[in-house]
Protein chains: 2
Amino acid sequence: MSPRPSGGQAATATRVALVAGAIETLREVGFAGASARQIARRAGCNQALIFYHFGSVPDLLVAALEEISARRMAAYRTLLDRTGSIAELVDAARAIFIEDLDAGHVTVLVEMISGAQSVPGLGERVKACLEPWRDFAETAVREVLASAPIQVPAGQVAHALVAGILGLELLAHLDSDRSSGLALFDQARTIGDLLDRLRPLAGLLNLKQGDT
Amino acid sequence: MSPRPSGGQAATATRVALVAGAIETLREVGFAGASARQIARRAGCNQALIFYHFGSVPDLLVAALEEISARRMAAYRTLLDRTGSIAELVDAARAIFIEDLDAGHVTVLVEMISGAQSVPGLGERVKACLEPWRDFAETAVREVLASAPIQVPAGQVAHALVAGILGLELLAHLDSDRSSGLALFDQARTIGDLLDRLRPLAGLLNLKQGDT
DNA sequence: GTCTATACTTGGATAGAC
DNA sequence: GTCTATCCAAGTATAGAC
């Protein structure tokens, strides 16, 4: 669809600026306010370039979401690499949550999900972008709770976790207050710490453990 | 601001139709697609009437949200009246969640929260509409867990609960699948049932219970 | 109170100069 | 590749007929 000429160096810079502008616009005025002119102004270039490089405004917005999705996945994966305690992982997750909140990554995601209602076919593409986030969450839950003394359905917990993050983002933005959300991480940290202490007892308490 | 002539019977019918149309529009095409013309078409009346009766489109949308908020609060309060078991209350909450999901009540709320980004001052008004929902959630958590054998911060749990509902709504709409959310209620039902069985032991287990 | 008609603004998208 | 200029569609809002 989009031209994407092969050898453009300046073109790449423009596309990067437009994606950054799209993210900034989604953050500041939401999906409903993300017009081509608003985005171009923040990108510091002409409005017509959006259509030249991306074809349409929704296409650019999807590209922006994909960019964020890819960047955050990289950051998240470093989380799973630390195979330390659960409490340690909760701390790291909290730090990343703050980072996402301040940078507006989740805002962009939420705006795209709710905004998808008004553009036919957009929902499918947003859904595809969200898939890695869900997979990551499920993997994280599975790994973290593998050694825990309780048996939980990882898929459901992951679903609740993703939903929780999205909901907290909505509320945090509405209230201009992120402390309410962070307090929940502190709560999780306490529970995680408890699970860490109980871990040595895992073998004793696993009554109906099926897997290895 | 709005005229609201005192003795209009037909006028009231029109306002009702417009509010209903606004809700339907927010559900079907979201905040970004909720234009005066779209709403008027669904309300079966003229676009100009929106400005006559409500002053502006955002004002009508807020009125629609207030309408929903009031109606749902009435339904929710019947929940708290049943002072039965926790499991029973989870069942009732599940039924209401389904009702809200199918009728699109939460969709309207989510669209208004995320859409508020693009209209200066709208956020404050949406926030005011959300307040009763939060208060209700906190009261519900407090009452339900008062007799439970564990000590929990009701405010934080309520905040997480509201966030969870909003997030589940976002995901349910994106996936056109509400079963993932409902599965969590089944999970909660199991936990509630566990708490019900443990309730007789509450006196024994309360190690650091401060209140009555 | 409700409609038609319209003024005005903004947004999506394209053509063509450079 | 990027800009200016422009067309057209859709939106908000108002004036005035009925």
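Each chain gets a letter, A, B and so on, in the order the sequences are listed, and its residues count up from 1. These numbers were taken from a predicted model, which means no experiment stands behind them.
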In whole Å, I'd like the distance from the [atom1] atom of [X] to the [atom2] atom of [N].
X     : N      : atom1 : atom2 : result
B:L60 : D:dG11 : CG    : P     : 15 Å
A:F51 : D:dT6  : CZ    : P     : 18 Å
B:D59 : D:dA13 : CG    : P     : 9 Å
A:R15 : D:dG1  : CZ    : C1'   : 11 Å
A:R41 : C:dG12 : CZ    : P     : 14 Å
B:N46 : C:dA5  : CG    : C1'   : 10 Å
A:Y52 : C:dA15 : OH    : P     : 14 Å
A:L49 : D:dT4  : CG    : C1'   : 12 Å

Partners passing salt bridge (Lys or Arg N to Asp or Glu O under 4.0 Å) against [X] (at least two apart in sequence or in another chain):
X      : answer
A:D193 : A:R197
B:E131 : B:R134
B:E24  : none

Original post:
Who pairs with B:T139 by side-chain hydrogen bond (donor to acceptor under 3.5 Å, both in side chains), at least two apart in sequence or on another chain?
Top reply: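 Per chain and number, B:T139 pairs via side-chain hydrogen bond (donor to acceptor under 3.5 Å, both in side chains) with no residue.
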Original post:
Under 4.0 Å between a side-chain N or O of A:T14 and OP1 or OP2 of D:dT2?
Top reply: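 It does, given that an N or O in the side chain of A:T14 lies less than 4.0 Å from OP1 or OP2 of D:dT2.
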Is a salt bridge present between [X] and [Y], judged by a nitrogen-to-oxygen distance below 4.0 Å?
X      : Y      : answer
A:R125 : A:D59  : yes
B:E88  : B:R189 : no
B:E28  : B:R42  : yes

Considering only [options], which nucleotide approaches the side chain of [X] most closely?
X     : options               : result
B:Q47 : D:dT2, C:dC3, D:dA13  : D:dA13
A:S56 : D:dG11, D:dG1, C:dA13 : C:dA13
A:A48 : C:dA15, C:dA13, C:dA5 : C:dA15

Subject >> Residues B:D102, B:R27; criterion salt bridge (Lys or Arg N to Asp or Glu O under 4.0 Å); working and verdict >> reply: CA-CA 10 Å; B:D102 290 348; B:R27 279 192 54 193; over 6 Å; no
Original post:
Any chance the side chains of B:D177 and B:S180 put a donor and an acceptor closer than 3.5 Å?
Top reply: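 Side chains of B:D177 and B:S180: pair found under 3.5 Å.
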**OP:** Specify the residues of residues 16-25 of chain B, ordered by number, for which at least one heavy atom lies under 4.0 angstrom from an atom of DNA chain D.
**Re:**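 Those residues whose heavy atoms fall under 4.0 Å from DNA chain D, taken from residues 16-25 of chain B, amount to none.
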Original post:
When all nucleic acid strands are considered with a 4.0 Å heavy-atom cut-off, which category describes B:A36: base, sugar-phosphate, or nothing?
Top reply: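 Answer is sugar-phosphate: B:A36 comes under 4.0 Å of backbone atoms only.
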Under 3.5 Å, N/O pairs linking protein and nucleotides 7-10 of chain C:
none

